[in-house]
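One structure is given below, encoded as structure tokens.
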Amino acid sequence: MTQLILEQALNGLQFGLMLFLLAAGLTLVFGIMDMINLAHGSLYMVGAYLAAAVTQASGSFMVGIGTAMLATALLGALLEVSLLRRLYARDHLAQVLATFALILIANEVVRMIWGAQPMLLNAPDALSGPVSIGGFFYPAYRLLLIGVGVLVAGLLYLLVSHTRLGMWVRAGASNREMTEALGVNVRLLFTAVFAVGAALCALAGAMLGPLLAVQVGMGESILILAFVVIVIGGIGSIRGALVGSLLVGLVDTLGRAALPSLLREVLSPEVASSLGPALASILIYVLMAAILFWRPEGLFPARG
Amino acid sequence: MSERRTTLLEVRDVSKHFGGIYALNEASLVLESGEVHALIGPNGAGKTTLIHVLSGALPADAGQVIFDGNDLARRAMHERVALGLARSYQITNLFSRLKVLDNVTMAVQSRVRDWGSSFSFWKPFSLDSAIVDEAHDLLAQVSLTGLAGRRASQLSHGEQRCLEVALVLATKPKLLLLDEPMAGMGPEESVRMVELIEHLARRVTMLLVEHDMDAVFRLADRISVLVGGRVIASGEPAVIRADHEVRRAYLGDAE
Amino acid sequence: MGLYASSPRRRVAAAITLLALLALPWLMQTLDQGFYVSFASRVLIFALAATSLNLVIGFGGMISFGHAAFFGAGAYTVAILAEGGVHSAALAWPLALAVAALLALLIGAISLRTRGVYFIMITLAFAQMVFYLIVSLKSWGGDDGLLLLRRSTFGSLDLKDDTTFYFVVLATLALVLLALDRLAHSRFGRVIQSIRENETRMEALGYPVFSYKLVCFVIGGALAGLAGALLVNQSGLASPNLLHWMQSGTLMVMIVIGGVGSVFGGVVGAVLLLLCEEFFVEISPHWQIGLGLVLLAVVLWAPLGIAGLFGWGRSRE
Amino acid sequence: MRPTKCLFALATLLLLGTSVHAAEATSVKVGFLSTLSGPGAGLGIDIRDGFNLAVKQLNGKLGGLPAEVIVVDDQQKPEVAQQIAEKFLKKDKVDFMTGIVFSNIMLAVGQPVFDNKTFYISANAGPSQYAGEQCNPYFFNVAWQNDNLHEAVGKYVMDKGFKNVVLVAPNYPGGKDAMVGFKRFYKGKVSEEIYTKLGQLDYAAELAQIRSLKPDAVFFFLPGGMGINFVKQFVAAGLSSDTQLFAPGFSADEDVIKAVGRRCSACSTPRTGRTTWRTPRTGASLPTSRRNTDVCPHFTPSQGFDAALLIDGAVRDVKGRLDDKEALRKALEAKHFKSVRGDFKFNSNHYPVQNYYLRVIGRDAQGRVTNKTMGTVFTNHADAYVAQCKMK
């Protein structure tokens, strides 16, 4: 039983850390630029497709990820300079609609290039099997994801808390006007943040590709989860995004695993096994609604 | 000052802090009905915070506010307005995209005691001619008659401040909280505003927050001085002018 | 945006459109294109749903990202009642409206405590909850949705007949639009529009802002529920995808294309979007790129929507 | 005046549209509605290619009449499928419909099709409802009833003496049929029935649950990309050394093998364990397809191929008089073609009675990983619902 809980906890951790890769960029864009970017999920999708295509062409997963991250960062920067910049001053409705339009466009462009069928992206052979940890097997590839997630979280922490760029970012998230007054080139800062966010999206897409499927529409479902994460964590806060990601990952996975058996204590097995997963999916939204109810600004509000 | 006056507003030991900083520190104040009461003090003394607490925009951390015999502690902003407590804003806060006339009709329409609530879904507003007539009256009082069809955002700053006053007046308050009505005004506009306030003073009790000392001493029946979140003196203008502590803490190093 | 005021010109246009729509079934039968009668019903139903959202977003200024929940609630109410043997429209449709209104009351009462982005997100979260709840309940069809094997009965009217159904839908939409036009010019309508313009000022003027917003939110939800009740009758299926957040997004797209805060904005948007979908999908399967570009252009350069572009939607001030 | 102008434009568009459909009965119109995008797309695309291949081999004709096949993607969404079906019936006025992969979509679309007296030839979806009480003269299935393949797996698992099985299927009618079918012939212990969301791709939580249950066999029914992911993750989790994996035929079709087979064969090497992946199926592969299209000679396209041949034979039989529904139905029931996968005949509920075989994934003579047929599980097997069908 403890082994099951441990394994599920690892699964939750892996899921949460991947969510964090998406949420980190999203929360900064949201926090600093006060911009709702629904197209964040599309960057994730584009990253995954690029990774799959380059991996197939080059035969190397690493090359695939690297290229995808660079290309997506570039795409993100381009998008920011050409379009999103115009939206910062607009109301949230305009932002939602414009980026919703970007989702439609991105989905169709990807469909035109790569077709409607999912693309196959396999993990490197060396990682496709299990490894033994503490007496049970766990997929090597999922361990890698956990490793990468922890590494990125660490690097982001260093970047945000120990560099000049990070200081500007933090300042921007808590008070934009003040930062501008301090003479920071805010436009360039925004572009840079957006590019980094896009690269993290691509990383998440490429890393999750072998586990899930690289397909049109993959960005939408995970986008909503990323939004849940940053709203829970407090918009603009990297720390909030991390805590929120892990919370959502663990609650979702553990709920999915434990709820059916818990429900079975009270309900018939059939009802329990069908109600369980759905209740688990609701769980994170209940969590979010509850947190917003008690703390309308999330757990770690960035703005003072 | 001969007629008998009753207490309209009593502020008892109200405190409000943000983080560790006390904006209000056991501030106390009494307003009598019919008077124009000015609240002065250096920047950051807590004047606007007090207005916020009185109007219900911010909850007080401690202390009590009694208005017209009612304890305001648990009353929402709109309930306070219904009791007759209205405020203007330091920074112009209008319906900038609406016409000037619509700004005022919205304010007139808010008086549930006269027109009933606005949960009326079918009857066209154009049939409520009494509301529109009153709005025109109010615009005349603040000398904006000719501008009724403009959008509020198209008015000059001074005109917007006058419109602001018209909006507050429209709620027919017993007590008017005026937060720096002359902020950012040119000399001519200021004169107009002073005249307007003088004109209104005959009808309504006012708590006036203002930096313009000439205006304050001309308009106020009584003055309270707020320093460091605490009311250090309260009295008639001549008394305040003479008060040593006030001179030292405030007038002495006036800007 | 000023307060909404409809011009005589627009009323004439609306009357002419109504006449044209009355003649549509006859025209289509003559052309042996019965399919388009059913299609037109669908368009008008979506017009109703978009209009209900326009009341909430365009007039009330509440950017709700969970409107599909009410749309779906109405559809499911009718389908579930039919499952239980209740087919009468006179009973099922008002109930659908009531269920959606109740849901909106519940969601609104909690969500309206938050502001701005947080409001957008919490309405989305609630809609997702409803979505997953419906998906999980096997007895209500789960993932597959709930089939409505026969349309509701409505007195002596035969709703199974596409033309009769079309007229019922048309009448419903016309009544709702009339009511909305009255509402926009009523005291309540003026209050919610002013709240959209400056909420804190309305509060300072003594309006119980929360109550007005909640009532507006509930009316919008109820009308969406009515649209859902009609839609399930048109299509014969209450699908969980009706509750999906992309559906909320689509409704938003409709009102932004048609004109936010204009009585006819939802109608114009729904008609344009669904007609485009119907005809362009045959020209290219990738027509959504075009839709995306048009939407971007509208957001960037025509914030009053297509209707605003031609001055249909609102009077020029 | 603008709105009326718009309407006029619309009317002219429609006028243009009508002239196309003036000619009748000189062609056969087939509405092909299938899942062609998303994770379930593999099956739909295979069936489409099989259907088109047959039409191509018949020189673009069905029953001697020029064939018009309208292919539309249902996006695996019931409400999308419904709209398309309505268009097929009322606008395009098709003579036949076919193509649907998923049973939930079949059930959403069926009633209006039958009400319209249009024949539906199912090349895949075989929901239990249409085999039993809701059986319909306008519904024919050339593949199987949903339960059948699962029954075959159940029987095999039972015969081989497995004692403790976990079942995995998506939460939709086909998934529920699968579980019922399996359990109809497997009478041992089922320690867990796991229902996943249709379209789910990450099975980490389910696999952890399976690990804790320690079954000796897992039966999964996850069509398309879902199955690919499940097998990949099953192997990656290290479960394949202790647990045998069973799946119905289409879960081990060639494209699935291409995606995961390498690993599966790796885990069936003597050193790491006993796993073989056994899948029953019906008949042989589609022999001719490789020459004509890129389609590998696998199983799913043959279903589409058969659907086209069934229509071909029936249209020929009634000599193009497609309006005579009664005659057309009799012609369809008579089934004037021989299936490429071994023959079958229609039962009274219009579902096939046929043999079911067992395949095992292994290496062929050239060392390629592929399916090998091992033996027969059922002979002339019918479905369990036919008794409840009172065909009108």
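The analysis underlying the following values was restricted to heavy atoms, covering all of them including side chains, and did not include hydrogens, waters or symmetry mates. Chain naming here is simple, since letters A, B, ... match the order of the sequence lines and numbering starts at 1 in each.
Summarising the geometry, atom CG belonging to C:L133 is positioned 4.0 Å from atom CD1 belonging to A:I282; distances are rounded to the nearest 0.5 Å. Taken to the nearest 0.5 Å, the CG atom of C:L295 stands 9.5 Å off from the OG1 atom of A:T99. We find the NE2-OG distance between C:H244 and A:S221 to be 7.5 Å, quoted to the nearest 0.5 Å. C:M62 CE to A:L93 CG: the interatomic distance, rounded to the nearest 0.5 Å, is 13.0 Å.
Using a 4.5 Å cut-off between heavy atoms, A:V96 touches chain C through its side chain atoms alone. For C:I289, the parts lying near chain A are the backbone and the side chain together; criterion is any non-hydrogen pair under 4.5 Å. When heavy atoms are compared at a cutoff of 4.5 Å, C:L300 approaches chain A by way of both its backbone and its side chain. Proximity to chain C (any heavy atom under 4.5 Å) is restricted, for A:I224, to the side chain, taken from C-beta onward. Residue A:I232 does not touch chain C at all, counting heavy-atom pairs closer than 4.5 Å. For chain A, the nearby parts of C:L293 are the backbone and the side chain; heavy atoms of each come within less than 4.5 Å.
Ranked by non-hydrogen atom pairs under 4.5 Å with chain C, the options A:L97, A:V231, A:V286, A:I103 are led by A:L97. The choice from C:I110, C:L291, C:I63 that makes the most heavy-atom pairs within less than 4.5 Å of chain A is C:I63. Of the listed residues (A:E220, A:R111, A:R86), the greatest number of heavy-atom pairs within a distance under 4.5 Å of chain C belongs to A:E220.
Taking 4.5 Å as the limit, every side-chain heavy atom of C:Q128 sits out of range of all side-chain heavy atoms of A:V228. Considering only heavy atoms from C-beta on, C:V117 stays 4.5 Å or farther from A:F227 through its side chain. Counting heavy atoms from C-beta on, the side chains of A:I230 and C:M121 never come closer than 4.5 Å. Under the 4.5 Å side-chain criterion, counting only non-hydrogen atoms from C-beta, A:M288 is not in contact with C:F126.
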Worked verdict on A:L38 versus C:F65 for side-chain contact (heavy atoms from CB on, under 4.5 Å) | CA-CA 12 Å; A:L38 295 184; C:F65 207 165; 4.2 Å; yes
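Minimum heavy-atom separation, A:A101 to C:G292: CB-O, 3.3 Å. Between A:L292 and C:T114, the shortest heavy-atom distance links the atoms O-CG2, 4.3 Å. Considering every non-hydrogen atom in both A:I235 and C:Y118, the closest pair reads N-OH, 3.6 Å. Of all the heavy atoms in C:T250 and A:F100, the pair that sits closest is N-CZ, 4.1 Å.
Between C:Y132 and A:Y285, the ring planes are parallel. Angles under 30° get that label, and only those over 60° would be called perpendicular.
Counting heavy-atom neighbours within 6.0 Å of C:W140 CH2, excluding the residue itself, gives a total of 12 or less. Counting non-hydrogen atoms of other residues, nucleotides and ligands closer than 6.0 Å to CZ of A:R239 gives a total of 12 or fewer.
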